[in-house]
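First comes the structure, then the notes that go with it.
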Amino acid sequence: MTRLGIGGRIDRTRTLRFTFDGMEFTGHPGDTLASALLANGRVEVGPSIYRDRPRGILTADGTEPNALVQVLSGGPEPMVPATRLELSDGLQVASLSGIGWLSDAPDPTTYDKKYVHADVVVVGAGPAGIAAALAAGRSGARVLLVEQERELGGTLLDGGERIDGRPAGEWISRAVREFVESPEVRVLTRATTVGLYDHNYLLIAERRADRQRLWHVRAQRVVLATGAHERPMVFADNDRPGIMLASAVRSYLKRYAVLPGRDAVVVTTSDSAYLTAFDLAGAGARVRAVVDTRPRPPQRLVEQAHAIGAQVFTGSAVIGTSGPGRISAARVAGIDEAGLISGDPVDLDCDLLAVCGGWSPAVHLFSQAGGALRWDRLVAGFVPEQAPGLPKVVGAARGTYDLAGCLAQGLAAGAEAATASGFRVAAPPVPPVAGDRPVAPPRPLWVVPAETGDPAQWTDHFVDLQRDSTVADVWRAVGAGLRSVEHVKRHTTIGTGNDQGKTSGVNAIGVIAEALRAESPGEVGTTTFRPPYAPVSFALLAGRDRGELHDPVRTTPMHSWHVAHGARFENVGQWKRAWYYPLPGEDMDAAVQRECLAARTGVAMMDATTLGKIEIVGPDAPEFLNRIYTNAFAKLPVGKARYGVMCTADGMVFDDGVTLRLAEDRYLMSTTTGNAAAVLDWLEEWLQTEWPQLAVHCTSVTEQWATVAVVGPDSREVVARLAPDLDVSAAAFGFMEFRETVLRNGIPARICRISFSGELAFEINVASWYGLAVWEAVYEAGQDFGITPYGTETMHVLRAEKGFVIVGQDTDGTVTPHDLGMDWVVSTRKDFVGKRSFARPDTARADRKQLVGLLPVDPAERLPEGAHLVEPDVPLEPPVPMLGHVTSSYRSATLGRTFALALVRGGRQRIGEVLHVPVDGRRIPVEVTKPVFYDEEGARRDGR
């Protein structure tokens with residue numbers, strides 16, 4: 001056992017049992033799986049992915065490249081870093097060689113999502129992040145502090161610093177109490193910010209034992225205090241178990257009371273690893289040597305190292321290791337100014353090699369937000385280039401490694417962010433600190449030379465431990481002519497593993513710079529930092545949108561009435577829409593025939609709530625709609641409506657609907673039910689990527705409005721009863737107009753003269769919570785007229801009789817407005833999306849598929865939708881030349897027969913011809929007609 005008798009931040013009063021590769025071990029609450037394994041003397045965690053080399057725990061955080069495990073118990077999950085997995089009783093895990101597997105066992109974990117707004121978001125709760133949150137929180141602003149570990153404090157948890165005259169731990173505790181007492185400050189622990197997008201939009205993955213949550217956060221200002229990642233060093237056999245990052249060794253000692261080894265060598269390029277050496281000695285380990293690449297490290301550190309009995313090798317490095325599995329010796333040699341071995345190597349026995357190859361500021365989120373990076377020679381890392389409009393980066397994330405500097409930057413950034421968010425506050429004074437020392441410049445060694453051979457042969461100098469990628473791989477890529485870091489990355493697979501190169505990325509850039517003989521890694525540049533910052537499970541991304549909730553069921557406010565009155569439903573998009581309302585003894589055909597006759601001869605009503613509704617607001621809204629629709633909307637008068645068609649860039653019909661002009665700068669667009677989300681996405685795409693200069697905002701209001709369509713010759717009388725203050729006469733209330741009024745029951749309403757049936761019709765729009773009440777009021781008002789509710793099937797019949805198309809049924813993405821016979825809706829005076837495509841010869845071909853009507857020669861024969869059409873004399877042996885297909889097919893009570901719509905090649909030239917529809921081995925003759933079967937003149941639109 002290597003658990004120390006005292007210390008750590010674990011609960012020794014409780015013992016937890018877990019299994020690793022079938023063997024049972026014990027640990028304590030507060031342990032991670034990695035710390036518990038080390039406490040049980042288990043250093044090796046599995047073989048490497050390609051070369052089957054033994055690998056051990058390297059880090060103590062989420063950058064771990066080696067110790068990836070398969071969780072078998074609880075919520076089964078692959079590729080989880082053991083350093084990130086909190087120990088729980090009964091935990092069962094298996095080691096991995098870099099390849100996990102998906103389990104078919106049920107997952108009891110709850111996954112959900114939360115959407116919040118914040119004035120200031122601070123990412124990272126080390127000293128700089130805590131300081132930033134304190135300063136911002138004191139302003140009264142809404143502050144969100146996000147920390148990926150289970151405790152706040154960062155590196156302060158591992159050290160002995162004092163802040164404001166108190167131990168750093170007390171300063172952290174006081175800060176936590178202040179956060180708890182501040183009503184507008186929220187702290188998320190065990191929460192990793194995985195993405196930072198445009199306009200300060202963050203995705204945060206929060207994890208708990210039985211719950212995970214994906215936070216969607218929109219912030220006014222963001223402060224990044226994400227710290228820095230310690231780098232390993234690249235030397236021969238640098239992958240043996242027992243080789244660990246120096247900061248990780250310190251964390252295991254301080255946080256978990258775990259001594260990873262008793263005979264240690266520390267190798268470093270900077271000051272920080274000396275603290276690890278001192279802590280190891282304080283924990284009872286023998287520190288044989290501190291190996292420093294710098295010829296002249298700070299004298300005070302050298303003296304302290306000597307005081308604990310350690311040799312100090314300056315201007316030196318570990319050039320190799322040995323051991324049957326776990327490291328048993330480190331080979332040390334001098335390194336001259338040219339980076340070559342000088343002097344005779346020395347072998348030092350050890351079971352632990354603590355390595356610090358330098359520190360890389362964690363700039364991933366800053367880069368995701370569009371920030372540029374520059375190479376800082378003094379920091380020996382890529383640091384952010386601060387610029388207006390970008391998140392503020394503080395502390396180690398910008399290369400500041402002294403405690404006083406981190407606190408000063410954090411306090412200033414927090415106050416600045418709060419002030420910019422409208423909560424003016426001055427930065428608090430920086431508290432005095434003790435135990436903090438000035439940081440001397442590092443001396444990074446990107447490649448520690450081997451004793452023999454050239455770099456192209458160094459197949460045991462590992463650059464990326466997770467991908468088994470070596471210096472030889474990099475030299476091979478450069479030798480093949482690759483120069484871009486992105487190309488080398490893909491050739492070698494460095495940085496493509498689970499850790500996304502957090503421990504290997506900057507080292508790889510340094511190795512590439514050496515291979516290219518560049519002056520610094522800055523000449524090579526970085527790869528692209530893309531979200532997610534850390535792996536995120538698909539289950540978390542889905543949240544509760546899986547299983548029965550994968551496609552949520554949406555119902556209108558009138559749904560309960562439809563159910564109570566026997567409606568049958570069909571799924572349209574995500575909506576349950578009333579399909580038809582059968583009376584006792586009626587089948588679907590009989591019910592639809594009855595509903596159609598009511599709409600054509602009396603009055604009928606339909607729930608049209610599900611149509612997509614999008615408010616388009618802004619001074620440039622008229623111009624925007626002019627560009628989106630094929631017809632003009634800029635000069636549409638307020639109070640009127642217009643039918644419009646929008647096309648994709650290739651000129652094909654995308655969607656259609658009626659748009660109302662509510663005010664000079666405000667429109668309400670309607671879309672097809674199933675296409676509402678796609679249309680909103682389409683509008684946003686053009687606004688954000690092509691026309692960002694237009695001052696326009698689009699907002700979905702589908703859920704906010706309930707709509708009742710009142711249709712038929714008697715609809716005017718029914719609406720007049722409902723809206724006594726409104727003149728609904730044809731002279732006062734014209735087609736494609738709307739009026740604001742108050743219904744007789746006191747409900748405010750917007751009533752439109754719009755018809756999708758060809759009959760006189762009104763659409764009553766009210767706030768959704770009034771929907772059921774208004775539906776019932778319409779039904780009551782029309783009782784003496786025999787008002788009849790009708791569903792979507794009847795709607796289809798009525799519109800098809802008039803030749804009105806439904807996008808997605810009578811179109812298939814290859815149809816232009818001209819193909820549909822809708823030349824009248826395409827402006828020749830203005831530009832719009834898709835217009836240029838109409839000049840292409842292909843869209844002007846006479847033999848394009850065009851919308852036509854079909855009348856079966858046998859009036860009782862109903863054609864199957866989707867059936868193909870062929871010439872009467874064509875043989876039916878494959879391949880059969882098809883002329884087109886049936887898009888819609890119905891039985892009409894008004895026509896007293898069946899009819900259909902179809903897309904037929906050169907269809908308008910074929911009107912009057914007889915074609916055949918092959919069905920089940922027989923041929924059904926049909927006459928090609930115009931697509932309008934009823935009231936071609938439109939006389940019934942304004943009533944009788």
Side-chain angles (χ1 to χ4, degrees), residues 1-46 55-96 100 103 105 107-110 147-154 157-158 189-192 205-212 241 244-245 247-260 283 498-499 534-535 537:
M1 296 284 287
T2 55
R3 181 82 73 183
L4 299 176
I6 59 172
R9 308 179 70 82
I10 55 174
D11 180 4
R12 297 174 185 267
T13 65
R14 294 173 52 207
T15 298
L16 305 177
R17 299 188 179 277
F18 69 99
T19 62
F20 179 77
D21 284 345
M23 297 179 62
E24 186 172 284
F25 300 95
T26 61
H28 300 289
D31 267 323
T32 63
L33 174 63
S35 68
L37 288 172
L38 289 171
N40 284 274
R42 184 70 181 256
V43 177
E44 185 177 332
V45 290
R55 291 282 165 79
I57 297 166
L58 179 73
T59 76
D61 57 24
T63 64
E64 177 61 39
N66 293 334
L68 303 177
V69 299
Q70 179 84 27
V71 180
L72 305 174
S73 58
E77 190 174 356
M79 304 292 286
V80 179
T83 50
R84 219 3 132 232
L85 182 59
E86 293 186 30
L87 199 65
S88 60
D89 200 40
L91 178 67
Q92 300 177 25
V93 294
S95 60
L96 294 174
S103 172
D107 185 353
T109 306
T110 298
E147 170 54 45
Q148 60 185 353
E149 302 296 341
R150 64 186 180 91
E151 294 182 279
L152 308 188
L157 299 175
D158 302 330
T189 57
R190 299 179 176 90
T192 302
E206 181 191 15
R207 62 192 184 281
R208 291 290 186 271
D210 59 350
R211 175 178 62 82
Q212 294 188 34
M244 300 177 66
L245 293 181
S247 61
V249 172
R250 197 170 189 224
S251 291
Y252 287 119
L253 285 171
K254 294 289 190 174
R255 302 186 194 186
Y256 307 104
V258 170
L259 183 59
N498 186 75
D499 66 337
S537 69

Q: Quick one: closest heavy-atom pair of A60 and S251, and the distance?
A: CB-CB, 4.0 Å

**Q.** Minimal non-hydrogen separation, Q92 against S73, with atom names
**A.** N-OG, 2.9 Å

Q: Kindly give the heavy-atom pair with the smallest separation between N498 and M79, and that separation in Å.
A: OD1-O, 3.7 Å

Q) Can any side-chain N or O of N40 pair as donor or acceptor with the backbone N or O of T26 at less than 3.5 Å? A) yes

Q) Within the side chain of D89, is there an N or O that forms a donor-acceptor pair under 3.5 Å with the backbone of R17? A) yes

Q. What are the two closest non-hydrogen atoms of F18 and G27, and how far apart are they?
A. CE2-N, 4.2 Å

Q. So among V80, L33, L37, T19, which one has a side chain to side chain contact (heavy atoms under 4.5 Å, CB included) with V93?
A. L33

Q | Donor-acceptor contact below 3.5 Å, side chain R3 vs main chain L259 | A | no

Q.
Tell me if a side-chain donor or acceptor on R55 pairs with a main-chain N or O of V45 at a distance below 3.5 Å.
A. no

Q. Distance from L85 atom CG to D31 atom CG, nearest 0.5 Å?
A. 11.0 Å

Q | Any side-chain donor near an acceptor of the partner, T63 and D499, under 3.5 Å | A | no

Q: Answer yes when R84 and D61 have at least one side-chain N-carboxylate O distance shorter than 4.0 Å, and no when they do not.
A: no

Q: Of all the heavy-atom pairs spanning D107 and P76, show the shortest one and how long it is.
A: CA-CD, 4.2 Å

(Q) With a 3.5 Å distance limit and no angle check, can you tell me whether E149 reaches the backbone of G154 through a side-chain donor-acceptor pair? (A) no

Q. Rounded to the nearest 0.5 Å, how far apart are CG of L72 and CD of E77?
A. 12.0 Å

(Q) For the backbone of I10 and the side chain of H28, can you confirm whether one donor and one acceptor N or O come within less than 3.5 Å of each other? (A) no

Q) Do the side chain of Y252 and the main chain of A39 share a donor and acceptor less than 3.5 angstrom apart? A) no

Q) Are a donor atom and an acceptor atom from the side chains of S95 and D21 found within less than 3.5 Å of each other? A) yes

Q: State the OG1-CZ distance between T110 and R211, to the nearest 0.5 angstrom.
A: 8.5 Å

(Q) If we ignore hydrogens and angles and just use 3.5 Å, is the side chain of R42 paired with the main-chain N or O of E44 as donor and acceptor? (A) yes

(Q) Testing the 3.5 Å rule here: is there a donor-acceptor pair between the side chains of T189 and E147? (A) no

(Q) Take a 6.0 Å sphere around CZ of R150 and say whether it holds more than 12 heavy atoms from other residues, nucleotides or ligands. (A) yes

Q: Have a look at R190 and tell me which of Q148, E206, E86 forms a side-chain hydrogen bond (donor to acceptor under 3.5 Å, both in side chains) with it.
A: E86

